[in-house]
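Convention: sequence-line order gives letters A, B, ...; per-chain numbering from 1.
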Amino acid sequence: MSSLDADTDERIDAEVVPSMTYREAMREALRDALATDDRVFIMGEDVADYGGTYAVTKGLYEEFGRDRVRNTPLSESGFVGAGIGAALGGLRPIVEIMTVNFSLLALDQVVNTAATLLHMSGGQLNVPLVIRTTTGAGRQLAAQHSHSLEGWFAHVPGLKVVAPATPEDARWMLPTALADPNPVIIFEHATLYNESGPVDPVLGPVDIDRAAVRRHGSDLTIVASAGMVSKALAAADLLSAAGMSAEVIDLRSLRPLDFDTMAASLARTSRALVVDEGWRTGGLSAEISAGLTERCFWSLDAPIARLASAEVPIPYAKHLETAAIPQIEDIVAAAHDLVGDR
Amino acid sequence: MSSLDADTDERIDAEVVPSMTYREAMREALRDALATDDRVFIMGEDVADYGGTYAVTKGLYEEFGRDRVRNTPLSESGFVGAGIGAALGGLRPIVEIMTVNFSLLALDQVVNTAATLLHMSGGQLNVPLVIRTTTGAGRQLAAQHSHSLEGWFAHVPGLKVVAPATPEDARWMLPTALADPNPVIIFEHATLYNESGPVDPVLGPVDIDRAAVRRHGSDLTIVASAGMVSKALAAADLLSAAGMSAEVIDLRSLRPLDFDTMAASLARTSRALVVDEGWRTGGLSAEISAGLTERCFWSLDAPIARLASAEVPIPYAKHLETAAIPQIEDIVAAAHDLVGDR
Amino acid sequence: MTISSSPLATDHDLWRSLLGDMIRVRVFEERCAELYGESKIRGFLHLYIGEEAIASGVMSCLRPDDAVLATYREHGHALLRGVSAESIMSEMFGKATGCSGGRGGSMHLFDAATRFFGGNAIVGGHLPVAVGLGLADQVLGRSGAVTVCFFGEGAVAEGEFHEAMNLAALWNVPVLFCCENNRYAMGTSLRSSESQIDLALKAASYAIPAWSVDGMDIVEVHRATTKALASVRADGGPMFIEFQTYRFRAHSMFDPDLYRDPAEVEHWKLRDPIATFARRLVDEQIVTDADIEEMWERARAETEAAVAAAEAAPIEPIDTLLDHVTRDAEPAPHIERSPETTTDDEVWP
Amino acid sequence: MTISSSPLATDHDLWRSLLGDMIRVRVFEERCAELYGESKIRGFLHLYIGEEAIASGVMSCLRPDDAVLATYREHGHALLRGVSAESIMSEMFGKATGCSGGRGGSMHLFDAATRFFGGNAIVGGHLPVAVGLGLADQVLGRSGAVTVCFFGEGAVAEGEFHEAMNLAALWNVPVLFCCENNRYAMGTSLRSSESQIDLALKAASYAIPAWSVDGMDIVEVHRATTKALASVRADGGPMFIEFQTYRFRAHSMFDPDLYRDPAEVEHWKLRDPIATFARRLVDEQIVTDADIEEMWERARAETEAAVAAAEAAPIEPIDTLLDHVTRDAEPAPHIERSPETTTDDEVWP
Ligand SMILES: Cc1ncc(C[n+]2csc(CCOP(=O)(O)OP(=O)(O)O)c2C)c(N)n1
Ligand SMILES: Cc1ncc(C[n+]2csc(CCOP(=O)(O)OP(=O)(O)O)c2C)c(N)n1
Ligand SMILES: [Mg+2]
Ligand SMILES: [Mg+2]
């Protein structure tokens, strides 16, 4: 499948609520931002005429030109730092780091400068920078191209971290991120780009600090984000068929975490399962488990359960990769374990 | 205080159990490693004639020469990568990254190569690399020089992470780390270097995957590591005076985490407080809380409590820095909250 | 041109074998492309087609105690370093018999036996590692051993390139840096990613001897590498060669390849390192057309045998998932540490 | 030498004021060293003593719309950019009135009003940021505005230096890179950290015009900067100046300074930029000894006033600890999103 092929299924169905792919939604968001705010520009590796590795920025270079859609050389630390500077200089950069795997080369800039500058300067210098990057495994890209490191970023004060799981969030989180005076990192899950869903064309910017209940249920709460949300929903369908009613929460924001929404759900269900594509130990799932337990301990019917990726660099072979990442059946099984528990 | 001054209080008291500083213990470990294994060498910024920023490697260059104690330019990614290569080539490098703050520049090498190579190569190529780095705040070095990012490293499969909290561990963890066929990161807390303690001169290599109970107690378990251990012990003394008996666990190993020792303690105390110098959200304290709750939920008398650093880049001003990091009184207060709870 | 004045006048066996090497890589990779179409190979697949003269020429100059590092575009390098077609193909099939046990895939071929250190999919990531391997050779006195590090011209913009060059020169380690300048890093041309496109000049700014070579001409590749290696083996210090080349295929199977003028691609295809060299060897009567046909045949047989073996090979059992994350250490002696600091006398009532 | 042939023949006010600037920095920092001894200032403290000609010379050429970035050795840069001695001193005292509210300390002085962007304690970390500031000037059409980025020669080994140089040249952004080559990065001499120590050559490998200047001679510094800035303001593209200098003190207050031959330090002290320039101005009758004494007096008065103010200033209340971690966003409109995907009809009994 070439990135061109990936594009062919993007024809918007002419339904009442228009449907579009996650990729097209993200592109629409970028186009809108470029069109409405002169300060906005995109930069990253092959974002221009190439159209981005995941074809997200396709066509934008032709529409807005090379100053607004700027190719960078392979120098992640350099161009993330340049994004910080451009933000300080009055622009509204959207920096694309091709994948989170390569963001490791830019972490100094993200953590030591973007996240700290406002504080170090006593509130004088904010960094209105948006970083977009893809995350996740599932395409047999092996150890160096399959990391889910959102949890690392979510650990850092001074950053905001969001993970749109639906085309609508892909479309409408960006304007809010751009309006935010702080650095915002957007994690796009690489397996979602071809997924379609309803996108309200006039909704307008949405909050980027609240979780959403994607499905109501009463027996347990499943907390998920990004690529795990659709798996959780599919699992909830299967559970429903088996007579178990699962509520599914899409975190949307990874920093800050919306514990209010999670705790409110838990108050109804008394049981929660956290599903996370990151590694288990010290991952985001740990924070959610710990934070929820602190808030809801006395009303829990069972310890919060975690389902995360196996503690292994993601393997290439399909069957091993599949085994390493939480799958729908794993979620179903974990839910049964949890609700059967006591 | 210059690093020279820091050295002056290093005279070993001629007691029955010799006492030495953490710095001297670490240096002794390095000297021993260099003397007994020709493959071992040290490299890092100013480790040679300068003797290391924290004077840990002082005198080793004079004793072992420039091939064994090798200065590097400022190029963290470069020399960590070179350490990986040297390990693959049959040497046993000990790479000093001056502080964990600068390790952000080398994370690609650590995560994408050191931690994954054995797995990506199907078990063929192990990386027997030791990285030493300092961590922690408390010396008014402000946001870019005060990170406690051990939790990030502890998240990564393929790495082993240790944090000696005592001179004896500083002395005897290194030989075990060097004998380990995997990459091992040693976090030395910068405020510990001048602390003295007993060091058995002939103990020999110690395990680097088990926690140690540093103080027995029956009312609650305090879990701490690195710079927080001595604070936890001091808090336990104060609590004892107030009639509360605290068990203090020194994690020693941050990856793997020794949940057996923690759970065994919790079985006795039913309450645990995790003290961590890292930021709270998504920090190591979250994993310990989540992991312990999973194991001990039904015997807990209260949710696991966490005391971690405030969610702020560490400020320069003394009073603000002090307020940002867990202090002895904070531990005492948290213990009272926990035990008074229900 | 008379045969005696030709650089190919002697060493006929060498030239024949080099042609055969290039053909082996070409056949192997064209089959990979098909297998990708059939979904037998998955993930990313980067083909070396058009660039074969470099790996073939360089690899033929190496000794068993040399070390090799390459990028994700490394099937050819692995094959010519001596990793079997079968174990490479099996790797891409995700099989247990693959050279990385199916865990690495196309981008992560490894083989300890031939000192083939991969297969790195982080652009620039393996350059510092090469410096370390060279350092080990130097320190351990493995005299004459060289570490050869292949990378694309795109890597030159990365900070790790710069740090590695400086360390290599500063420490005078025996590393041969082989820059495969195929003019594009994905869709980005060198001109749009480097302010100074004379790459040899970059190396010079680290005081590393450097030269630029026609990477489409295997004779030039072989000659330059021979000369460079002689220098590295003797002096111990690093060298840098820029091989000017071109990839005939898209960057990867995901790349629609819209950024290059088809005429440019066609132009370069006229310089196909295999076709031109084959013609030359025939012209100079070093090989016959039949010899060449036999080379293709043999290569096809090798590749088909590899495919058949890969097809038939078992996969790793799922219960090995957690293998090879860490290697077991010698069990650490369990020694009683100094007694706990304090024990509480009083017990909370 | 007759006065008319001297480069100082005109612009007497300028030379006087430059001497005064250097003296201000010197006095301020010598006091800082004392205050460190008294534990009034804590953390790391890096003194610029000996290098004052660079910041003084460069800063005097700047316009208000220029931007400045520096390292952790930046008291002088901040002071001469127009940040008040009082707010710098208060910052180092950790007071609320400090230019960073007491949160930054010596290494993190910031002042938005004078476009002083710090104060970065990660070696090399601010170079890419400078490129971005230059890019913003270019894109927003702030014609003639320049971003001036100071860094030590130690930073040249970092990958970020390389990436920043390439980006700056590639994008032709108005950035003046000022390398303060004081020959040591902590205890590491340039020769032991760079395989090629001609730093201008490095810049040239990115096609950035570069030259090397005597950083102990403020006239040279001023002249070179004037020329460089004229070029950057007119053409928009980056330039690189290496200022050859020396620090008279240890790297920081923690550094025992054992790695330098005391004779070397003494040798450089003979070239003290203040003493030599003062002598020259007196010789050329541009200032009198009394003028100079007055400059020292004024500087001492300024510094003492700063110390007194810093002493008297309040600290930030502890309940502001979490301020400035993020800045409040305009509250995001709370819009009802598309209805939840599904709702379960059945409820588990
Ligand atoms: C650090 C990093 N950034 C980005 C990528 C994505 N990527 C993979 S290959 C490639 C182009 C590399 O080009 P070049 O170095 O010239 O090698 P070539 O593919 O032409 O052989 C890019 C951008 C990556 N793998 N690693
Ligand atoms: C990335 C990074 N590595 C290491 C350090 C520790 N360090 C602080 S200053 C310094 C020396 C820098 O020397 P140079 O760039 O020449 O500047 P100078 O101090 O001489 O002005 C070092 C190694 C750091 N701050 N950042
Ligand atoms: Mg290329
Ligand atoms: Mg210096």
Side-chain angles (χ1 to χ4, degrees), chain C residues 122-129 131 134-135 138 151 153-175 177 179 185 188-210 212 235-240 242, chain D residues 122-129 131 134-135 138 151 153-175 177 179 185 188-210 212 235-240 242:
Chain C
I122 302 297
V123 173
H126 56 311
L127 276 74
V129 179
V131 174
L135 184 65
Q138 180 192 76
F151 55 99
E153 87 296 340
V156 170
E158 291 282 6
E160 293 194 307
F161 166 80
H162 165 83
E163 297 186 5
M165 288 291 118
N166 186 41
L167 288 176
L170 199 61
W171 293 344
N172 204 48
V173 293
V175 177
F177 292 100
C179 179
T188 301
S189 67
L190 180 60
R191 198 168 288 280
S192 63
S193 82
E194 285 291 324
S195 58
Q196 165 57 264
I197 62 170
D198 181 342
L199 301 181
L201 236 173
K202 309 252 170 206
S205 83
Y206 305 96
I208 295 183
S212 183
D235 299 350
M239 291 204 56
F240 178 101
E242 174 200 2
Chain D
I122 302 299
V123 173
H126 56 312
L127 276 74
V129 179
V131 173
L135 183 65
Q138 180 192 74
F151 56 98
E153 87 295 339
V156 170
E158 290 280 6
E160 293 194 308
F161 166 80
H162 164 83
E163 297 186 5
M165 288 291 118
N166 186 41
L167 287 175
L170 199 62
W171 295 342
N172 205 46
V173 293
V175 177
F177 292 100
C179 179
T188 301
S189 68
L190 180 60
R191 198 167 288 280
S192 63
S193 81
E194 286 290 325
S195 59
Q196 167 56 265
I197 64 170
D198 181 342
L199 301 181
L201 236 174
K202 309 250 171 209
S205 83
Y206 306 97
I208 296 182
S212 183
D235 299 349
M239 290 204 56
F240 178 102
E242 174 200 0

Choice from Ala204(D), Ser205(D), Ala207(D) maximising heavy atom contacts with chain C below 4.5 Å: Ser205(D)
Chain D interface, residue from Gly124(C), Ala168(C), Ser193(C) that has the most non-hydrogen pairs under 4.5 Å: Ser193(C)
Option that, when pairs with chain D are counted at under 4.5 Å, heavy atom only, ranks first among Ala169(C), Ala157(C), Ala164(C): Ala157(C)
Taking every non-hydrogen atom, the tightest pair across Ser195(D) and Asn166(C): N-OD1, 2.9 Å
Ser192(D) to Leu170(C) - nearest heavy-atom pair and separation: O-CD2, 3.5 Å
Parallel, tilted or perpendicular: ring planes of His162(C) versus His162(D), cut at 30 and 60 degrees: parallel
Listed once per pair and sorted, the salt bridge (Lys or Arg N to Asp or Glu O under 4.0 Å) pairs that draw on residues 164-175 of chain D, sequence neighbours left out: none
Residue pairs involving residues 194-203 of chain C (criterion salt bridge (Lys or Arg N to Asp or Glu O under 4.0 Å); sequence neighbours excluded): Glu194(C)-Lys202(C)
